[in-house]
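The structure appears below as structure tokens.
Along the sequence shown, residues carry numbers from 1.
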Amino acid sequence: MSAIIRSIIEDKLSAYLAANLSGVTVHKGITEELRVVPLVIAYCEAAMPDPALGATPLGNYRCKINVFVYSSADDDTLATHRQRVSNVHGLMSDVNALKGLWNPNGSEGKMYACWIESDEEGMKSRNYGNHINYTMVAVLPPAPV
């Protein structure tokens, strides 16, 4: 079941980021796609039943989201890269917009909350990179009766 919620989240976040970021390709999760910088990757690394609900989580998950932002130092300045990262932060902090990605009738589940855990910046092989971690709380759609 956690694979289902992870796929739903990656689909929604990658489409949302792609629609709202310009000049960058957005990929979802682990794929075999050829990736060229600049790029953003939306990856749901883990989905665990929410511990606050004990033995009966009822399809509720606490998910670990990784958003990776990469830029080439040969093509972009550090300021441009950091602006890209800032744009991602703005999009991911708009919880109402994130909630709106799910179908309001509940047939796709529901996203309840999302918050940032960390943002790490680095440079390797002439590429700037940020690894931004978020926690998202979501529920799977109800099972068909």
Residues N130 and H81: side-chain donor-acceptor under 3.5 angstrom
yes
Note: D119 and I132 closest approach over all heavy atoms is OD1-CG1, 3.6 Å
Without swapping roles, check the side chain of Y16 against the backbone of L91 for a donor-acceptor pair under 3.5 Å.
yes
Would you say the side chains of N87 and H89 form a donor-acceptor pair under 3.5 Å?
no
Taking 4.0 angstrom as the limit, do K64 and E117 come out as a salt bridge?
no
Indicate whether any N or O donor in one side chain lies under 3.5 Å from an N or O acceptor in the other, for S71 and R84.
yes
Taking all non-hydrogen atoms of both residues into account, name the closest pair between I5 and A47 and its distance.
CG2-CB, 3.5 Å
Is it true that the side chains of H27 and E33 contain a donor and an acceptor less than 3.5 Å apart?
yes
On a heavy-atom basis, the closest approach of D76 and Y128 is O-CE1, 3.4 Å
Residues two or more places apart in sequence or in another chain: which of them pass ring-ring contact (aromatic ring centres under 6.0 Å, His included) with Y112?
none
Do you know which two heavy atoms are closest between P51 and R62, and how far apart they sit?
CD-NE, 4.3 Å
May I have the list of side-chain donor-acceptor pairs in residues 95-102 shorter than 3.5 Å, sequence neighbours left out?
from: W102; atom 1: NE1; to: E108; atom 2: O; distance (Å): 3.4

Verify, without hydrogens or angle tests, whether N60 (side chain) and P57 (backbone) share a donor-acceptor contact under 3.5 angstrom.
yes
